[in-house]
2 protein chains.
Amino acid sequence: MVTIYDIAKKANVSPMTVSRVINNSPLIKESTRLKVQQVIQELEYIPNKQARSLTSRETKLVSLVLPDISNPFFTNIARGAEDKALQLGYQLILGNTDENKEKENKYVNMLMSTGVDGVLFVPTGDASAANLKKLIKRNVPFVFIDRTIDSIQADVISGDNPDTTRQLVNHLIELGHTRIALINGPTDLSNARERAQAFKDTLTLAGIGHDPKYMIETHFRKDNLNEIVSKLFSFQKDERPTAILATNNFIGVNTLRALRALQIRVPEDVSVACFDDPDIIPDYNPFLTVAKQPAYDMGFLGMQLLIERIQQAAPASYRKIVLPAELVIRGSTSPKT
Amino acid sequence: MVTIYDIAKKANVSPMTVSRVINNSPLIKESTRLKVQQVIQELEYIPNKQARSLTSRETKLVSLVLPDISNPFFTNIARGAEDKALQLGYQLILGNTDENKEKENKYVNMLMSTGVDGVLFVPTGDASAANLKKLIKRNVPFVFIDRTIDSIQADVISGDNPDTTRQLVNHLIELGHTRIALINGPTDLSNARERAQAFKDTLTLAGIGHDPKYMIETHFRKDNLNEIVSKLFSFQKDERPTAILATNNFIGVNTLRALRALQIRVPEDVSVACFDDPDIIPDYNPFLTVAKQPAYDMGFLGMQLLIERIQQAAPASYRKIVLPAELVIRGSTSPKT
DNA sequence: TATTTTTATGTTACCGATAACATAAAAATA
DNA sequence: TATTTTTATGTTATCGGTAACATAAAAATA
């Protein structure tokens with residue numbers, strides 16, 4: 001490996017002079033600069049970042065810890081985050097937690113050892129607090145994305161959960177639905193809690209009221225929901241839901257599949273809407289009515305907040321950026337029959 | 001930051017003893033080991049990987065350089081690669097080239113500086129050779145995934161391009177199509193070349209023959225193909241293609257969109273099939289007939305080959321693993337009318 | 001008990017860069 | 001020309017680990 005010592009020897013200068021040239025120090029004579037740069041070119045020298053970070057105390061590495069990159073919502077977040085990171089000279093380390101606290105813990109430990117300068121973080125649940133406290137102790141800044149942890153202060157980028165829920169529920173109400181079921185993620189996640197609350201509030205405000213039997217809690221993962229859905233439809237005919245709101249794309253698709261397995265037609269027998277598009281390149285005939293959260297922008301802005309924080313260019317008080325979603329009405333929702 | 005020196009002082013041993021405990025050296029007295037481990041726990045010591053890699057000459061970082069993580073084909077590759085990396089104790093740095101040689105070059109330079117132990121590489125084209133030669137010079141192993149570069153030797157994981165093309169073309173032929181157009185990626189990419197060749201061969205073998213006017217070259221990116229498609233349909237009626245084969249998912253969707261814009265119906269007026277599903281969670285009613293390449297496995301196996309290579313556990317001769325695709329027939333292809 | 005061997009621990013130097021200080025050369029001033 | 005100031009370069013120590021060698025303590029052997 002070519003080092004500054006090799007360059008120094010060949011250029012007849014001290015290693016420190018080479019270092020100065022590399023770092024564009026202004027106190028270098030033009031002739032020396034040229035001579036050294038020439039040798040750098042010649043030997044194809046590339047600075048060793050590990051050595052550098054030992055003194056500089058920064059690695060120019062950041063991480064994005066999220067549940068599953070193959071969820072298109074997170075795929076877009078990742079793309080936005082990587083774009084911003086590259087633009088600002090950082091490299092992105094990716095981690096998939098699968099909503100699993102042990103995996104999350106493993107990543108946090110590895111990342112601290114690797115010395116990442118900061119983490120864009122989608123927590124797996126309230127138990128993430130312990131992991132985040134480790135980061136705080138080590139002075140590793142992080143930014144919450146999509147979800148927060150009440151007990152931990154940090155910058156936040158999230159969708160507008162109350163407003164988005166309201167949009168979706170009101171869309172269903174406008175179609176004449178009154179028995180609307182909510183299939184939600186685990187309520188130890190802030191976004192699931194906020195969506196559940198807004199769901200109830202919106203129904204109450206519309207004078208419909210809510211009933212716990214229509215509010216189901218499951219996971220934000222690919223899963224089989226046959227049992228849950230069949231239970232919803234085991235009610236008496238005039239008690240069965242005529243619409244289902246799924247609080248993320250995986251739940252939306254899980255629900256569609258369960259309905260198909262149970263031979264319940266969509267939208268004839270039941271309307272279905274969800275948060276986030278399951279398709280990243282909407283196909284010819286996308287089917288699901290969704291509220292599209294601006295995932296790419298969330299990743300992009302999140303990375304920006306993070307790097308500002310890393311470079312101490314951020315205000316002392318934590319920022320919370322809430323982005324609106326766009327309702328896209330498609331074939332999976334129709335007027336109540 | 002807590003270092004081995006802090007541990008050493010508190011435990012009344014030398015830093016080297018601490019280092020030995022951390023690395024499970026067998027020459028440590030049990031009582032010392034316990035004492036040191038106790039202090040490590042107490043001070044929540046975490047080893048500094050940068051310092052370590054300075055002597056060990058490995059960073060336990062690997063990179064995946066691909067065109068665009070938001071293409072579901074590559075999303076799945078990424079997920080597979082990350083899973084394997086984590087399993088073997090490596091962290092994954094992600095890079096999106098957007099099929100752009102300059103971006104690719106930028107990543108390669110950054111990665112060498114960062115000191116990644118290896119790279120899983122989807123080259124952007126023949127011009128990638130220069131970048132790869134830099135890696136070779138620095139002794140950074142890499143594995144090709146999806147595409148190769150003729151002039152560069154390395155392990156390879158790819159789909160079975162000839163066989164997959166054959167499956168798709170034969171499916172169209174069986175439906176009665178004879179005027180089949182190919183909308184392909186740039187033929188300075190090995191996969192595009194192989195697909196073009198197999199396309200011609202399959203048609204020839206079927207006694208249909210091929211015509212350059214039905215073979216279009218474009219990009220493997222999201223793009224507007226209105227012009228290209230409208231040209232194909234500007235032929236006399238009995239010369240117009242009745243089927244289109246797109247060589248990746250983006251081209252497939254681009255084509256569908258162009259056809260819709262031109263009010264050409266699918267599959268009534270023209271059948272469309274492509275490589276790789278555009279949807280990662282196939283929606284309720286996926287439309288496109290596709291050949292699904294096993295992207296997750298490609299990423300997983302690719303990472304395995306790479307890490308074997310890094311750890312010098314690989315055979316001297318380069319390995320090439322070719323994985324078959326699965327034809328999924330859906331509504332975008334139908335018998336010729 | 002003295003000597004050798006084994007086991008456990010410590011010392012020193014180094015990985016590749018840079019910060020902080022020291023010094024030499026050149027330019028400006030007296 | 002001598003002295004001061006400025007500019008350019010060099011030296012030394014350090015970041016946090018570990019390899020290689022050195023040495024001390026304990027155990028085994030003579």
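Chain letters run A, B, ... following the sequence lines, proteins first, then strands; residues in each count from 1.
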Base, sugar-phosphate, or nothing for B:Thr32, non-hydrogen atoms under 4.0 angstrom? sugar-phosphate
Spacing between B:Asn23 atom CG and D:dG16 atom P, to the nearest angstrom: 17 Å
Between B:Thr55 and B:Ser14, who's closer to the 5' end of DNA chain C by nearest nucleotide? B:Ser14
Output yes when a side-chain donor or acceptor of A:Asp117 lies under 3.5 Å from a complementary backbone atom of A:Lys60, and no otherwise. yes
Does A:Asp98 use its side chain to pair, donor to acceptor, with the backbone of A:Asn100 at less than 3.5 Å? no
Give the rounded distance in Å between these two atoms: CD of A:Glu58 and C1' of D:dC15. 14 Å
Charged N to carboxylate O below 4.0 Å: is that the case for A:Lys10 and A:Asp6? no
Describe the nucleic acid contact of A:Ile28 in one word from base, sugar-phosphate, nothing, applying a heavy-atom distance below 4.0 Å. sugar-phosphate
With the side chain defined as heavy atoms from C-beta on, B:Thr17 is closest, among C:dT18, C:dT9, C:dG16, to C:dT9
When you check the gap from the basic side-chain N to the acidic O, do A:Lys35 and A:Glu42 get nearer than 4.0 Å? no
Is the shortest side-chain N to carboxylate O distance from A:Arg309 to A:Asp155 below 4.0 Å? yes
For B:Lys29 and A:Arg20, take the nucleotide of DNA chain C holding the closest heavy atom to each; which residue's nucleotide lies nearer the 5' end? B:Lys29
Which whole-number value in Å describes the distance from B:Leu54 CG to C:dA13 C1'? 13 Å
How close or far is atom C1' of D:dA20 from atom CG of B:Leu27, stated in whole angstroms? 13 Å
When we call it a touch if two heavy atoms are under 4.0 Å apart, what does A:Pro47 touch: a base, just sugar-phosphate, or nothing? sugar-phosphate
B:Arg52 with B:Glu58: basic N within carboxylate O range, under 4.0 Å: no
Paired stretches of DNA chain C - 3 or more consecutive Watson-Crick or G-U pairs, each distance under 3.5 Å: C:1-30 with D:1-30
How many whole angstroms separate atom NZ of B:Lys49 from atom C1' of D:dT18? 17 Å
Is the backbone N or O of B:Ile93 less than 3.5 Å from a side-chain atom of B:Ser63, with the two atoms forming a donor-acceptor pair by type? yes
Once you round it to whole Å, what is the distance between C1' of D:dT18 and CG of B:Asn48? 13 Å
Round to a whole Å and report the spacing from CD1 of A:Ile22 to P of C:dA19. 12 Å
